[in-house]
2 protein chains.
Amino acid sequence: MARSVQNLYCAGMPRPREFDENHVLLAIRDEFWDKGYAATTTDDLLRVSGLGKGSLYGAFGDKRSLFLRVLRDYDDANLLMLRERLASAARGIDVVREFVLGLTGDPTGAVARRGCLLANSNGELAASTPDVAAEARRTYDAIATVLTAALERAQGEGDLDPGVDPSEAARAALVAQLGLIALGRTGMDIGALTAMARSALARLLPAPAQ
Amino acid sequence: MARSVQNLYCAGMPRPREFDENHVLLAIRDEFWDKGYAATTTDDLLRVSGLGKGSLYGAFGDKRSLFLRVLRDYDDANLLMLRERLASAARGIDVVREFVLGLTGDPTGAVARRGCLLANSNGELAASTPDVAAEARRTYDAIATVLTAALERAQGEGDLDPGVDPSEAARAALVAQLGLIALGRTGMDIGALTAMARSALARLLPAPAQ
DNA sequence: TCCATTGTGGCCCGTTCGGTCCAGAACTTG
DNA sequence: CAAGTTCTGGACCGAACGGGCCACAATGGA
């Protein structure tokens, strides 16, 4: 049962990994993103990662663990990107506008049809996998916090009506983005989607009365 | 191959069905709603319907056809309900308010966590099943049309700022509702969700300036 | 050079999936 | 009552699923 203690100070060195973990995780993320959790088979994961079963299971555990890992990485990366945008943005309001308009940037509509991995996963799995729902709550709350900071800055910069509560408006922007993601998934005309996003932004983020 | 013609005028009458089709369809709808498409097994469907495999497949075809049937029935019923509400509502604006606040009506949050069958299905299957995406487009477009009519009435009744474009505001209300559905699925606090819904409504449906 | 250790990939297994099929039951008509 | 038709439910099937397992490769220290 227990390994002998002598192994602790007299161990051979293991064979190093032959694959790049980040590269594999991104390929797997794309597969889950395109197909959804249930529709992605283990064979799909092996194919896009180029690994064998032993390697994949040895490195990341089973399908569910791998999915949660990928989802958390995705969320963390997006949050980091949002915070960096706020840090480097010329104006706070630009961050919120870009956040809401995000999916409309691609004129082919492919990005809109693909949606957001977190939103898609939450829709598919929230009922059966509490971990996914909790992850979504955590992420959306963090996003709302960043957007609130952006709108507070926007008020100081004269881009947002001072009568607006930044926290409420930030949450309204989040709601709008999630609604646009849902509509984008239906494959509706990208021009109409863009118009809706702009119209919603105009209502939610009123400029100060001159 | 071809059946003889004499059967046409000399046929015995078949054994009648032993189940109520509507009752079965509602039970199956609830199962798909609670678990999602992929996570619902044929055994689940047999269990909740109380039928055997022969009956279920004979009456509705395979799992996919059955799901599409249930989804279309669900959409049609909701559209009909929305139109009837508009026809019988005291004020047009009430219809839109109820539409956006819909999921927040249950203080336990169970309704919000369950979400909307169409929104859930669209999130899970839009990428792989064009029929579902098309159904979602059709339904959301029809909803927007009804909401537009409701807001036009609201302007005539003095409940909505005449400067607001009813069609744009209706689509914004739809976006907001879809965003709230997505957030509700995360299981977030129902009070916070309600506050967000009310705050979004106040921004999207401004009363006329007195 | 040999050993200890971990990476590697594919073979293999039990389970469960969606779906078909069939033998008998129920029922109306002649 | 006999015939013809559909309904019913469960036995059955091939396929694909997720996952365990193992023989071998690669590596660096002793």
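Everything quoted here is computed from the prediction, not taken from an experiment. By convention in this document, chain letters (A, B, ...) are assigned in the order of the sequence lines, proteins followed by strands, and residues within each chain are numbered from 1.
Environment of CZ in R198(A): sparse, with no more than 12 heavy atoms of neighbouring residues, nucleotides or ligands closer than 6.0 Å.
Going from atom CG of L56(B) over to atom P of dA11(D) covers 17 Å, rounded to whole Å. One atom, OH of Y37(B), and another, C1' of dG18(C), lie 9 Å apart when rounded to the nearest Å. Protein atom CG of D43(B) is 13 Å distant from nucleotide atom C1' of dA11(D), rounded to whole Å. Straight-line distance from the CZ atom of F60(B) to the C1' atom of dT6(D): 15 Å, rounded to whole Å. The interatomic distance linking L46(B) (CG) with dG18(C) (P) rounds to 10 Å, in whole Å. Computed from coordinates, the E21(A) CD to dT8(C) P distance equals 11 Å when rounded to whole Å. Residue L51(B) contributes atom CG, which lies 11 Å from atom P of dG10(D) at whole-angstrom precision. Atom CG in L45(B) sits about 11 Å away from atom P in dC17(C), given to the nearest Å.
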Inset, instruction - For the pair V146(B) and F99(B), evaluate side chain to side chain contact (heavy atoms under 4.5 Å, CB included) and give the outcome as yes or no after the intermediate values. - result: CA-CA 11 Å; V146(B) 179; F99(B) 175 78; over 6 Å; no
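F67(A) places a side-chain heavy atom less than 4.5 Å from the side chain of S121(A).
Comparing K53(A) and G54(B) against DNA chain D, the residue whose closest nucleotide sits nearer the 5' end is G54(B).
Among the protein residues, G58(B) comes within range of no part of the nucleic acid, since none of its heavy atoms lies under 4.0 Å from any strand. Note on T40(A): only backbone sugar-phosphate atoms sit closer than 4.0 angstrom, heavy atoms only; bases stay farther off.
Side-chain nitrogen and oxygen atoms of S55(B) include at least one within less than 4.0 Å of the OP1 or OP2 phosphate oxygen of dG9(D). Between dC17(C) and T42(B), no contact under 4.0 Å exists linking OP1 or OP2 to a side-chain N or O.
A salt bridge links R69(A) to D73(A): one of the charged nitrogens lies within less than 4.0 Å of a carboxylate oxygen.
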